[in-house]
There are 2 protein chains.
Amino acid sequence: MPAHGTRNLIIEKADTLFYEGGFAATSFADIAAAVGISRGNFYHHFKSKDEILNAVISRRLKRTRKMLDDWQAGGAQPRDRILSFIHMLITNRIKIMAFGCPVGTLCSELAKLDHEAQHRAAEIFGLFRDWLAGQFRALGIDAQAEARAMHLLVWSQGVAALSNAFHDEAFIQREVAGITQWLDSVIVDQNNQKEHICS
Amino acid sequence: MPAHGTRNLIIEKADTLFYEGGFAATSFADIAAAVGISRGNFYHHFKSKDEILNAVISRRLKRTRKMLDDWQAGGAQPRDRILSFIHMLITNRIKIMAFGCPVGTLCSELAKLDHEAQHRAAEIFGLFRDWLAGQFRALGIDAQAEARAMHLLVWSQGVAALSNAFHDEAFIQREVAGITQWLDSVIVDQNNQKEHICS
DNA sequence: ATCAGGCTAGGTCACTTGTCCTAATTCGTC
DNA sequence: GACGAATTAGGACAAGTGACCTAGCCTGAT
């Protein structure tokens, strides 16, 4: 296997292990075992554990950007695009109940470790926030676009945290229904307001 | 100092360190340094690190119960009692921005470690949920009481997670205002519904 | 076919971890 | 003041950590 492939495999396995077990609790031995290479061999690919973390964050940023671009490229309406975001809670519900949200839990762990990479990790939230705000602007919601986007982030993070604590799948379903209802009420309000201005 | 005092001091310092640095990342050496005793001396008070964790969770459960009891004992209206809960976000905003919510981050870490104490930690959430549901019932909201309580937990957890990631104090203020507005709208709806039934 | 470079395995390093032990000290009670 | 129990300090222990090294293996370009 070319080095390029091994390097990517290390990043991929580390990503999963950092998510499922936490960054600090994941050792080189764990990653080596998952990849199937020897421990000492790591330093040919990465100088330190922090460098792996940075590569993992870069990978997550890249994949998040790609996912958002894909959602953007599809011919869907802004409402359905936003629903794509919300439905991640259902798609990933098993992992979320077991390990929480990958973004939120990484940010919180890095904050506690006072790790310099914490701001880069938070950029993933920034990607979602900006993309969601763009959807709300596409719906004609300008002034409140960012606040609405943050509200969706807040809501989904809360659902992830509590479904992780309570391990309750039905709760996720109910909350997603609630978020969808809220979204539609926001859209209806916006349409009513537009009507009001036009009339 | 009596053993009882030392034991409590260990629990207290461990509580803070587990919150600010995480459970796994906090070593006996850290706790010993914070308490001002020698490392080896620990096993006279606690058999293992897990036993300290259990004691810390017990302490948090006890203190949470006491706080909720105090809020309950005051002559305040249910609305103001609920606001006491919400305003923890503002009171503790500095620590929340730095370390997240003590309950949420502990639950998430223990879930990743697959630690047996994770369910006991989640009981703290349970205390808040049940108490908040009680307040909503006191407002005449019966069927939806628990859903409303969970919504408050979700919202506050989301605010804690995102203010931790973005380190944005103004965001907390805006969200608390939003939560208060939502609470009042829930109360108004309930009163309107009551009127409707009576008339 | 050769040979240089990328790649790997396995070991070593100093250090920290949770756990445990023992000898000494303190303290309340008589 | 003396005794016994509670408490303490300071180490020792094996295991595991991130980091590093070196000797060899493969592979692809010449």
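Just so it is clear: chains get the letters A, B, ... in the order the sequence lines come, proteins before strands, and each one is counted from 1.
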Show every donor-acceptor pair shorter than 3.5 Å between a side-chain atom in residues 136-144 of chain A and any protein atom, with sequence neighbours excluded, or say none if there are none.
none

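- Identified under the side chain to side chain donor-acceptor pair (under 3.5 Å) test for residues 46-56 of chain B, with sequence neighbours left out: B/D50-B/H115, B/N54-B/R120.
- With sequence neighbours excluded, the residues that form a side chain to side chain contact (heavy atoms under 4.5 Å, CB included) with A/M67 are A/W71, A/M88, A/F128.
- Every residue two or more places apart in sequence or in another chain that forms a ring pair (Phe, Tyr, Trp, His ring centres under 6.0 Å) with A/F28 is listed here: A/F42, A/Y43.
- Separation of the A/W182 and B/H151 ring centroids does not fall under the 6.0 Å cut-off.
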Subject >> Trace of the side-chain contact (heavy atoms from CB on, under 4.5 Å) decision for B/D168 with B/I172 >> reply: CA-CA 7 Å; B/D168 185 346; B/I172 298 181; over 6 Å; no
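- Residue A/K49 contributes atom NZ, which lies 16 Å from atom P of D/dG16 at whole-angstrom precision.
- Using a 4.0 Å cut-off, some side-chain N or O of B/N41 falls inside it from OP1 or OP2 of D/dA9.
- Between A/Y43 and the phosphate of D/dA19, there is a side-chain N or O to OP1/OP2 separation shorter than 4.0 Å.
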Anything under 3.5 Å between a donor and an acceptor, one on a side chain of residues 34-41 of chain A, the other on a protein residue two or more places apart or in another chain? List them.
none

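- One can place NE2 of A/H44 at 14 Å from C1' of D/dA23, the figure rounded to the nearest angstrom.
- Residues meeting the salt bridge (Lys or Arg N to Asp or Glu O under 4.0 Å) test with B/D80, sequence neighbours left out: none.
- Per the geometry, CZ belonging to B/F46 stands 12 Å off P belonging to D/dT8, to the nearest Å.
- Look at CG on B/L17: it is 16 Å from C1' on C/dG18, rounded to the nearest Å.
- Taking atom CZ of A/R7 as the reference point, atom C1' of C/dT8 lies 17 Å away to the nearest angstrom.
- Residues of residues 18-39 of chain A having a heavy atom closer than 4.0 Å to DNA chain C, listed by number: A/I37, A/S38.
- Across residues 110-120 of chain B, not one residue has a non-hydrogen atom less than 4.0 Å from an atom of DNA chain C.
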Show me, pair by pair, the donor-acceptor contacts under 3.5 angstrom made by side chains of residues 99-109 of chain A, not counting sequence neighbours?
from, atom 1, to, atom 2, distance (Å)
A/T105, OG1, A/C101, O, 2.7
A/T105, OG1, B/K112, NZ, 3.0
A/E109, OE1, A/F23, N, 2.9
A/E109, OE2, A/F23, N, 3.2
A/E109, OE2, A/A24, N, 2.9

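- Nucleotide D/dG18 holds its P atom 15 Å from the CD atom of A/E51, rounded to whole Å.
- Contact check, B/T6 against D/dT7: no side-chain N or O comes under 4.0 Å of OP1 or OP2.
- B/H45 has a side-chain polar atom (N or O) that falls below the 4.0 Å cut-off from OP1 or OP2 of D/dT8.
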